[in-house]
Asker: 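I have a structure I would like to understand better, so I am pasting it below and will then ask my questions one at a time.
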Amino acid sequence: MSDQHQLERIAAEIKTCTKCPLYKTRKNAVPGEGPINALLMFIGEAPGAKEDELGRPFVGRSGEILVELLESICLTREEVFITSILKSRPPKNRTPSYSEIAACLPYLESQMAVIRPKIVVLLGGVAISSIIGPWPVKEAHGKFYEGGDFTFFMTYHPAAALRFPRIKEVMQADFQVLRN
Ligand code: URA
């Protein structure tokens with residue numbers, strides 16, 4: 001089976017997944033999107049209202065910030081793979097539970113194994129703690145981390161930049177590190 005076909009199979013599985021109770025409240029699962037040969041993979045926390053509505057990742061206000069940050073390093077969203085730790089929206093955007101993360105993580109691991117990105121960018125505390133372990137974003141941001149078969153890069157979640165202009169500046173500086 002080709003890599004592209006494998007990626008599509010993972011997405012199809014995610015769309016009908018019932019491994020955690022979030023399938024009961026979501027409108028659409030959000031597998032993620034981007035090219036199979038993406039060099040960069042961005043991982044957020046979980047779909048929000050707009051993502052749930054459309055079945056696409058980062059299409060709300062956080063997505064606008066992410067696109068702006070990508071453009072600041074001469075990339076478009078079409079060139080990178082974008083997804084999240086959870087593929088289904090938690091009600092009222094509450095923080096993902098440990099059991100939801102545990103149920104969903106195998107999908108992300110399969111996506112990473114097929115795409116084999118050069119760098120996996122972890123956006124925010126939930127992505128960092130789910131994949132690497134407890135490490136406050138405040139300390140981890142702007143750093144690379146070698147883990148298993150992957151190189152990770154850590155920064156804040158774009159939603160934090162929406163709330164705090166200072167964090168947007170920090171993210172802009174982190175993205176310059178990523179570009180270099
Ligand atoms: N925030 C995320 O973490 N993921 C999305 O897809 C949208 C917002």
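In listed order, ligands and their atoms are each counted from 1.
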Asker: Can you report which non-hydrogen protein atom sits closest to atom 3 (O) of ligand 1, along with the distance?
Answerer: Glu45 N, 2.5 Å
Asker: For His141 and Phe153: C-alpha separation, side-chain torsions, deciding distance, then whether ring-ring contact (aromatic ring centres under 6.0 Å, His included) applies.
Answerer: CA-CA 8 Å; His141 82 88; Phe153 181 78; 8.9 Å; no
Asker: How about Tyr156 and Lys138: does a side-chain donor come under 3.5 Å of a side-chain acceptor?
Answerer: no
Asker: Could you tell me whether Ser62 and ligand 1 have an N or O pair separated by under 3.5 Å?
Answerer: no
Asker: Which atom names give the shortest non-hydrogen contact between Ser72 and Phe175, and what distance separates them?
Answerer: OG-CB, 4.4 Å
Asker: Which protein heavy atom lies closest to atom 6 (O) of ligand 1, and at what distance to 0.1 Å?
Answerer: Phe58 N, 3.0 Å
Asker: Applying a strict 4.0 Å limit to heavy atoms, is Lys50 in contact with ligand 1?
Answerer: no
Asker: Just by distance, with hydrogens left out, do Arg9 and Gln6 show a side-chain donor and acceptor under 3.5 Å apart?
Answerer: no
Asker: Tell me: protein heavy atom nearest atom 4 (N) of ligand 1, and distance?
Answerer: Ser84 OG, 2.8 Å
Asker: Can you list the ligand 1 atoms lying under 4.0 Å from a non-hydrogen atom of Gly44?
Answerer: 3 (O)
Asker: Does any N or O in the side chain of Lys143 come within less than 3.5 Å of the main-chain N or O of Glu139, such that one atom is a donor and the other an acceptor?
Answerer: yes
Asker: Would you kindly specify which portion of Glu51 sits under 4.0 Å from ligand 1, judged on non-hydrogen atoms: side chain, backbone, both or neither?
Answerer: side chain
Asker: Between Ala46 and ligand 1, which residue portion shows a heavy-atom distance shorter than 4.0 Å: side chain, backbone, both, or neither?
Answerer: backbone
Asker: On a heavy-atom basis, which atom in Glu100 and which in Cys20 lie closest, and how many Å separate them?
Answerer: CG-SG, 4.0 Å
